[in-house]
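Here the structure comes first, spelled out in structure tokens, and everything after it is commentary.
All residue numbers in this chain count up from 1 along the given sequence.
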Amino acid sequence: MNNIDLSVLSAEEIISLKLRSLYKRYGYSCFKMSKFEEYDLYGKNKDFLISDSVITFTDTNGKLMALKPDVTLSIVKNSPAEPAGVTRLYYDENVYRISESTRRYKELMQVGLECMGPITEKEVCEVAKLAAESLKVISEDSVLTVSDLKIRQAALKNAGAGEREISAAISAKNAGAVEKLCGACGVDKQAEKLLTYLASAGGSCAAVTEGLKNVTSDIEILAAADALDRVCRAAEETGVTVRADFSLTGDINYYNGVVFKGYVKGVPAGILSGGQYDGLMAKMNKKSGAVGFAVYADLLERVGARGADNGKE
């Protein structure tokens with residue numbers, strides 16, 4: 001990268017270039033795709049999209065097509081049903097969706113990666129570390145928040161009819177509402193203590209997962225907490241601040257296991273988002289697991305020159 005005149009590139013383009021270089025060094029191959037897909041792909045998986053607003057048009061053969069609002073769905077669609085091994089792909093594609101900054105349709109650069117196949121904790125740790133590395137490329141002042149949906153789902157087993165409302169209260173970090181809902185639903189005190197903790201806990205992964213041991217003896221939850229701690233430690237190797245936060249969910253219909261979201265100073269919304277999405281793979285008849293993330297390039301405009309100047313090579 002020393003021979004490239006970075007002054008001719010925008011901050012967004014410089015960050016994209018550095019991210020692609022990072023992913024390639026980790027053995028990820030570039031995935032390229034068409035600008036559009038049949039609308040049916042997005043129509044059936046709207047829950048996985050950031051927005052269900054999709055730009056459509058009718059092809060010459062009468063089929064309803066869509067300018068792609070997402071890349072992951074296309075990668076999954078084109079992946080083998082039963083992969084022989086782990087596939088590592090990265091992408092740098094333009095997507096068409098409503099911009100967070102302008103609230104109008106815009107052609108946006110999206111950079112990210114997907115790791116698919118017989119996924120183990122090793123691959124999850126790798127992707128979490130790359131998510132942290134990606135944030136570091138964008139800004140030295142960044143935070144990666146991490147959760148594990150298996151912990152929340154196991155804790156909600158005793159919530160009965162109040163499961164949906166209690167889960168929403170955890171997402172809102174409203175411990176008081178969780179306590180009231182548990183009382184109204186007849187949730188036993190031990191289960192209530194755990195659910196209230198999930199709504200209020202937040203901080204270093206080591207402290208948060210250690211705190212779980214004080215509110216539950218559930219073997220499944222404690223095992224997931226130990227695994228989450230190992231994932232966090234892998235991401236912390238980058239020097240990026242990593243926080244555990246059980247209010248983080250992604251889309252619970254598709255995501256399972258570890259999920260994460262990344263923030264940088266000066267940008268009010270999450271600039272990176274991802275996690276394990278075995279649910280989406282199953283829905284699309286793929287007999288494999290998957291974990292990945294995307295960097296939302298429209299938000300990189302708010303990082304501006306600070307991100308472009310960060311970590312020059």
Side-chain angles (χ1 to χ4, degrees), residues 9-10 12-13 15-17 19-20 23-24 28-84 86-117 250-256 269-301:
L9 302 177
S10 68
E12 183 179 324
E13 290 171 328
I15 291 172
S16 172
L17 189 62
L19 291 175
R20 283 154 43 197
Y23 306 151
K24 191 171 182 179
Y28 284 70
S29 300
C30 184
F31 176 86
K32 300 299 294 182
M33 62 173 287
S34 170
K35 290 183 180 294
F36 46 84
E37 289 267 13
E38 290 186 23
Y39 172 76
D40 195 45
L41 174 65
Y42 306 116
K44 289 181 177 179
N45 297 286
K46 284 188 175 182
D47 288 346
F48 192 76
L49 300 175
I50 293 176
S51 169
D52 60 4
S53 297
V54 180
I55 301 173
T56 60
F57 65 95
T58 303
D59 204 350
T60 55
N61 61 4
K63 286 186 177 180
L64 184 62
M65 307 296 289
L67 290 176
K68 64 177 187 287
D70 178 81
V71 181
T72 300
L73 287 168
S74 292
I75 292 178
V76 173
K77 173 189 171 185
N78 289 287
S79 67
E82 297 186 47
V86 175
T87 300
R88 291 173 170 83
L89 300 171
Y90 76 87
Y91 57 86
D92 179 3
E93 293 279 344
N94 289 334
V95 296
Y96 304 85
R97 64 165 69 123
I98 295 176
S99 169
E100 288 283 349
S101 56
T102 66
R103 303 309 303 166
R104 299 176 64 184
Y105 278 115
K106 189 175 180 181
E107 183 178 29
L108 304 168
M109 187 184 298
Q110 181 173 305
V111 185
L113 60 82
E114 313 295 346
C115 188
M116 301 175 294
D251 188 296
I252 208 160
N253 292 319
Y254 291 129
Y255 283 101
N256 66 291
I271 203 165
L272 177 152
S273 183
Q276 294 176 259
Y277 52 93
D278 294 356
L280 177 64
M281 299 295 282
K283 184 177 180 182
M284 296 182 71
N285 299 313
K286 308 295 183 178
K287 297 180 180 179
S288 64
V291 58
F293 62 82
V295 176
Y296 305 126
D298 60 319
L299 298 178
L300 293 179
E301 297 170 358

Review point. With sequence neighbours left out, what residues match Lys77 under salt bridge (charged side-chain N to carboxylate O under 4.0 Å, His left out)?
Key: Glu37
Point to revise | Side-chain heavy atoms of Cys30 within contact of Tyr90, under 4.5 Å | key: yes
Exercise for review: Could you pull out all residues at least two apart from Asp92 that satisfy side-chain contact (heavy atoms from CB on, under 4.5 Å)?
Suggested key: Ser16, Arg20, Met109, Val111
Study note, to complete from the structure: Across all chains, not counting sequence neighbours, the side-chain contact (heavy atoms from CB on, under 4.5 Å) partners of Lys287 are Glu82
Review point. Ala290 and Asp278: which non-hydrogen atoms are nearest, and at how many Å?
Key: N-OD1, 3.0 Å
Practice item. Any pair with a residue in residues 62-73 that passes side-chain hydrogen bond (donor to acceptor under 3.5 Å, both in side chains), sequence neighbours left out, goes on the list, sorted by first then second residue, please. Key: Glu38-Lys63, Lys68-Glu93, Thr72-Glu114
Exercise for review: Look up atom OH in Tyr42 and atom CG in Leu49, then write down how far apart they are to the nearest 0.5 Å.
Suggested key: 8.0 Å
Review point. For Tyr277, which residues count as a ring-ring contact (aromatic ring centres under 6.0 Å, His included) partner, sequence neighbours excluded?
Key: Phe48
Check your understanding: If you measure from CG on Leu280 to OH on Tyr255, what distance do you get to the nearest 0.5 Å?
Key -> 8.5 Å
Check your understanding: With sequence neighbours left out, what residues match Lys44 under side chain to side chain donor-acceptor pair (under 3.5 Å)?
Key -> Asp40
Practice item. Apply side-chain contact (heavy atoms from CB on, under 4.5 Å) to Pro83 and list each qualifying residue two or more places apart in sequence or on a separate chain. Key: Pro80, Ser288
Practice item. Kindly write out the residues that satisfy side-chain contact (heavy atoms from CB on, under 4.5 Å) with Thr87, not counting sequence neighbours, or none if the list is empty. Key: Leu89
Exercise for review: For Tyr39, check side chain to side chain donor-acceptor pair (under 3.5 Å) against everything at least two apart and list the hits.
Suggested key: Lys46
Review point. Does Tyr28 have any side chain to side chain donor-acceptor pair (under 3.5 Å) partners at least two apart in sequence or in another chain, and if so, which?
Key: Glu126
Point to revise | Side-chain donor or acceptor of Asn94 paired with backbone N/O of Glu107 under 3.5 Å | key: no
Review point. Can you list every pair that meets ring pair (Phe, Tyr, Trp, His ring centres under 6.0 Å) and has a residue in residues 59-81, with sequence neighbours left out?
Key: none
